[in-house]
Amino acid sequence: MAPPAANGASHGDSSNGAVVADRGAAPAVANGNGKQHNGRTRTKPAVNPKDKYWTPIDDKEAAAAVEDGGEDGRRPLLFRTFKVKAILLLPYRHPYADGMWLWWISIVGDFWFGVTWLLNQVAKLSPIKCDPDLAVLKQQFDLPDGNSNLPGLDVFINTVDPINEPMIYTMNAILSILAVDYPVDRHATYLSDDGGSIIHYDGLLETARLMSKEYDEFKVRLDALFTKIPQRSEAYNNAEAKQGDEPQVGQPASANNSLDFSEVDVRLPMLVYISREKNPSYDHQKKAGAMNVQLRVSALLTNAPFIINFDGDHYVNNSQAFRAAMCFMLDRRDGDNTAFVQFPQRFDDVDPTDRYCNHNRVFFDATLLGLNGIQGPSYVGTGCMFRRVAIYGVDPPRWRPDNAKIVDNPSKFGNSVPFINSIPTAANQEWSKTSPPALDETFMAELSNVMSCAYEEGTVFGKEVGWVYNIATEDVVTGFRLHRTGWRSMYCRIEPDAFRGTAPINLTERLYQILRWSGGSLEMFFSYCPLFASRRLKFMQRVAYTNMTAYPISSIFLVFYLLFPVIWIFRGEFYIQKPFPTYVLYLVIVIAMTELIGMVEIKWAGLTLLDWIRNEQFYIIGATAVYPMAVLHIVLKLVLRGKGVSFKMTSKQATSTVTEKFAELYMVEWVPLLIPTIVVIAVNVCAIGTAIGKAVVGGWSLLQMADAALGLVFNAWILVLIYPFLLGIMGRWSKRPYVLFILLVIAFILIAMVDIAIQAMRHGFVRFHFRESGGASFPTSWGF
Ligand SMILES: O=c1ccn([C@@H]2O[C@H](COP(=O)(O)OP(=O)(O)O[C@H]3O[C@H](CO)[C@@H](O)[C@H](O)[C@H]3O)[C@@H](O)[C@H]2O)c(=O)[nH]1
Ligand SMILES: [Mn+2]
């Protein structure tokens with residue numbers, strides 16, 4: 001073991017470490033004059049085992065005090081000062097004076113990692129699960145006569161591009177809403193087409209036509225299953241008992257067996273197509289802008305007190321989903337103070353091993369569940385039910401004085417009188433309008449007015465009202481604004497999944513997606529400072545939002561760490577702390593703790609090990625490829641007043657037109673975003689190769705070998721974490737991952753050989769060492 005030398009790398013006065021090393025011998029300390037002192041005051045008492053980690057640091061004053069011997073009436077030292085012995089802080093001490101810059105980076109980096117780790121854990125301390133009770137809702141709100149008291153609900157769907165977001169997805173979403181178990185006259189669907197393409201308009205007409213023709217029949221057939229199946233099984237059971245009898249399988253619907261429609265609600269819910277005004281002289285604010293138009297249009301037409309929103313590529317997968325969310329909104333405990341109910345996002349068509357962590361389970365199932373125990377999950381853009389008045393910026397009842405007016409200042413909401421008048425009505429959660437007003441000329445003019453670009457001029461839309469503007473992640477910020485005014489939210493996970501959508505399985509698309517998220521997060525971190533946001537925001541919720549928005553900053557340090565192996569290549573040294581066993585011990589403890597917590601999380605959040613590993617892997621991939629870019633963007637924005645990361649729509653895979661499944665997974669799109677990660681891979685591969693080269697010719701001792709081995713574990717670990725990215729840039733070759741291993745081995749050998757050649761050229765010869773246990777070496781050398 002190396003001596004505990006680092007007593008003062010930071011103090012600069014004890015590079016030899018002798019003072020600390022010779023603890024037991026109580027050496028006589030020389031004062032400045034070189035005089036020896038008698039040992040009376042200086043003699044160190046036998047070390048108390050409790051104190052063995054503490055070292056006095058006022059030896060000089062003590063010596064001086066002894067020297068005065070109380071002359072001039074000066075008092076003796078009345079206390080002694082100790083500092084923690086270096087060994088406890090060793091992981092944070094660096095013995096190499098010329099490596100100080102490294103030492104500083106690692107000190108600051110480790111500190112930051114520690115803080116973020118803590119933020120991350122704290123936000124998950126009280127996960128709370130809430131299961132909706134659909135039976136009680138039914139009993140309370142569905143009347144025996146077939147009518148219902150459920151409140152009105154406006155459904156918002158957004159789409160922009162019928163090609164990158166194939167229209168069939170959007171139409172499927174509409175179809176899925178028609179199949180939802182919610183009173184047909186209590187919900188209306190608003191499709192916002194930001195592309196303004198006539199294709200979507202006609203698509204919607206086609207869908208409605210298809211439905212009104214066949215849906216009735218379809219619905220009857222579905223409903224009939226509830227009688228058919230029991231009949232069939234009964235028949236089957238009877239047949240078992242009475243062998244030989246043909247089972248009776250219900251009544252098939254056919255032309256000569258006409259269906260009875262009298263019991264079935266064959267009406268279609270209201271469908272509204274919206275294409276807002278676009279004008280080159282206005283910023284349309286992407287999805288947030290579209291949703292604020294939906295907000296006003298729906299207020300004029302149906303004005304439901306609740307709103308649920310989807311992206312164009314998401315659909316309802318569980319017909320009870322709307323009711324499930326209502327269970328939280330209408331609950332007598334905190335329902336009135338609940339601004340939104342967020343469902344987790346689930347995805348179809350993700351490759352079976354989820355290479356790029358598209359399912360993102362750790363976030364949806366652990367993080368959001370953790371937040372549910374504080375003030376509620378953040379809003380994540382789709383599959384979320386809102387209380388309309390909350391979106392209008394009204395305070396929650398908990399923070400609203402009894403006599404407070406819902407609309408305090410009408411001019412905030414623009415010039416539409418019908419719209420402003422609709423606001424107090426929407427505050428009544430029992431409200432449900434059955435039919436829209438007559439679509440006469442004045443009304444149509446009003447609709448155009450609220451959809452025009454100019455409407456929002458001078459209003460607070462995008463700031464205090466509606467979905468928030470000027471940020472790439474309108475979702476998290478909008479949810480944050482609601483939490484900040486004291487509302488809470490609920491997390492709702494039901495089986496089967498409430499909604500499902502598509503996810504980008506192409507590496508480049510996926511990286512752009514997280515670039516948008518991380519860029520938006522950082523913007524939010526700097527412009528809203530969540531930690532000091534508002535007293536209505538619970539403290540833990542602030543911590544959680546800080547964690548959720550500041551995370552890209554870690555990547556700056558991470559990239560340094562991942563590039564450190566470069567030292568291998570040039571210096572042949574690995575900067576790892578000594579003494580070796582202490583360092584390893586700390587490392588093992590830290591790693592074991594993180595893994596252990598991870599395993600616990602898997603248990604309570606219902607994740608799989610694969611979900612968790614993918615999360616770790618994609619974090620590192622994001623941290624190398626994307627987050628530094630997001631940090632750069634924000635620095636440019638803050639310093640040079642440039643533009644932040646913009647909302648670029650994620651293009652969806654067109655599975656229907658491509659014959660090969662997961663074709664997108666194997667497509668490589670070369671973009672600059674890939675470069676940093678490729679550099680990290682190259683550095684680590686080179687480091688391993690160089691280490692092999694140096695081990696062969698360097699004449700290393702066992703200790704050096706052990707040092708090197710630990711370094712190599714680090715390099716190899718980085719490669720394991722980045723493995724999905726490696727597969728990604730291999731394109732079609734990634735179908736045969738063994739090719740990658742062969743390539744890696746070849747690369748290691750080539751680099752080792754290059755390193756040996758360089759050493760040979762430098763020294764004029766090369767020396768091979770073969771060490772055996774006895775320590776005998778058999779050098780073979782020859783000159784070049
Ligand atoms: O000008 C635009 C651009 C986009 N959209 C719609 O916005 C939705 C979300 O876009 P998408 O690219 O699919 O987002 P994702 O990458 O899936 O992003 C997630 O993260 C976004 C915030 O960054 C949220 O808005 C999304 O709801 C959430 O699913 C889509 O339905 C688009 O049609 C518009 O309506 N108008
Ligand atoms: Mn999406």
Side-chain angles (χ1 to χ4, degrees), residues 102 105-106 108-121 123 354-363 366-367 472-473 476 504 507-526 546-566 590-591 594-595 597-598 611-635 644-645 671-685 687 714-729:
L102 261 176
I105 294 173
S106 81
V108 179
D110 285 2
F111 177 74
W112 178 256
F113 289 142
V115 170
T116 49
W117 180 82
L118 212 69
L119 294 183
N120 200 6
Q121 300 312 311
D354 190 15
R355 195 194 272 177
Y356 304 129
C357 191
N358 279 300
H359 287 308
N360 219 347
R361 289 273 175 151
V362 174
F363 176 72
T367 308
T473 46
V476 183
L507 178 62
T508 305
E509 276 304 325
R510 177 81 170 108
L511 292 179
Y512 273 115
Q513 187 184 42
I514 64 169
L515 175 62
R516 202 177 72 209
W517 292 344
S518 52
S521 296
L522 276 180
E523 277 192 64
M524 177 172 156
F525 177 70
F526 286 107
T546 306
N547 179 42
M548 219 186 296
T549 52
Y551 69 92
I553 297 174
S554 308
S555 68
I556 301 299
F557 301 110
L558 230 117
V559 167
F560 270 112
Y561 275 64
L562 301 183
L563 291 176
F564 276 172
V566 96
V590 169
I591 293 174
T594 357
E595 306 295 302
I597 291 176
D611 291 327
W612 197 73
I613 292 171
R614 287 304 192 214
N615 190 63
E616 302 278 288
Q617 288 180 319
F618 209 71
Y619 174 73
I620 294 294
I621 295 171
T624 51
V626 175
Y627 304 158
M629 193 67 82
V631 174
L632 194 72
H633 265 283
I634 196 78
V635 169
V645 174
V671 288
L673 212 53
L674 301 179
I675 295 172
T677 317
I678 293 177
V679 172
V680 168
I681 294 168
V683 164
N684 282 278
V685 169
F714 182 67
N715 299 134
W717 194 7
I718 294 175
L719 291 181
V720 169
L721 288 173
I722 294 185
Y723 177 66
F725 181 96
L726 272 166
L727 291 180
I729 55 174

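Just so it is clear, the structure is predicted and the values come from calculations on it, not from any experiment.
Here the closest heavy-atom approach between residue R614 and residue P724 is recorded as NH1-CG, 3.9 Å. T473 and S521 make their closest contact through OG1-N, 3.9 Å (heavy atoms, listed as atom of the first residue, atom of the second, distance). Closest approach of A623 to V559, counting heavy atoms only: O-CG2, 3.7 Å. In plain terms, the two heavy atoms of I634 and V631 that are nearest each other are CG2-O, 2.9 Å. Closest approach of S555 and P628 over heavy atoms only: OG-N, 3.4 Å. Residues T594 and W612 share a closest heavy-atom pair of O-CZ2, 4.1 Å.
With rounding to the nearest 0.5 angstrom, the SG atom of C357 is 6.0 Å from the CZ atom of R510. Rounding to the nearest 0.5 Å gives a distance of 4.5 Å between CD1 of I678 and CD1 of I729. Note that OG1 of T624 is 9.5 Å distant from CG of L673, once rounded to the nearest 0.5 Å. Taken from CG in N547 to CG in L118, the straight-line distance is 10.0 Å, to the nearest 0.5 Å. Note that the OH atom of Y512 and the CE atom of M629 stand 7.5 Å from one another [nearest 0.5 Å]. Taking CG from L515 and NE2 from H633, the interatomic distance works out to 5.5 Å, rounded to the nearest 0.5 Å.
Contacts classified as side chain to side chain donor-acceptor pair (under 3.5 Å) and involving residues 716-725 (residues at least two apart or in different chains) are not found.
Under the side chain to side chain contact (heavy atoms under 4.5 Å, CB included) test applied with S554, the options W117, Y627, W112 reduce to a single match, W112. Just one residue in the list T677, L562, I718 forms a side chain to side chain contact (heavy atoms under 4.5 Å, CB included) with I620, and that residue is L562.
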Checklist entry - Would L727 and L507 satisfy side chain to side chain contact (heavy atoms under 4.5 Å, CB included), going step by step from the backbone distance to the final call? => result CA-CA 10 Å; L727 291 180; L507 178 62; over 6 Å; no
Next on the checklist: Please determine whether side chain to side chain contact (heavy atoms under 4.5 Å, CB included) holds for the pair T116 and I553, giving the CA-CA distance in whole Å, both sets of side-chain angles, and the decisive distance to 0.1 Å.
Outcome noted: CA-CA 10 Å; T116 49; I553 297 174; over 6 Å; no
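Proximity of a side-chain donor or acceptor of Q617 to a complementary backbone N or O of V720 within less than 3.5 Å is detected. Within the 3.5 Å criterion, the main-chain N or O of R361 finds no donor-acceptor partner in the side chain of D611. Between the side chain of N684 and the main chain of V680, a donor-acceptor pair closer than 3.5 Å is present.
Y561 pairs by the ring pair (Phe, Tyr, Trp, His ring centres under 6.0 Å) definition with F113, F564, not counting sequence neighbours.
Relative ring orientation between F618 and Y356 is described as tilted, the plane-to-plane angle lying within the 30° to 60° band.
A ring-centre distance under 6.0 Å is not found for Y619 and Y551.
Between the side chains of R516 and Q513, no donor-acceptor pair of N or O atoms lies under 3.5 Å.
The closest side-chain heavy-atom distance from L511 to L674 is below 4.5 Å.
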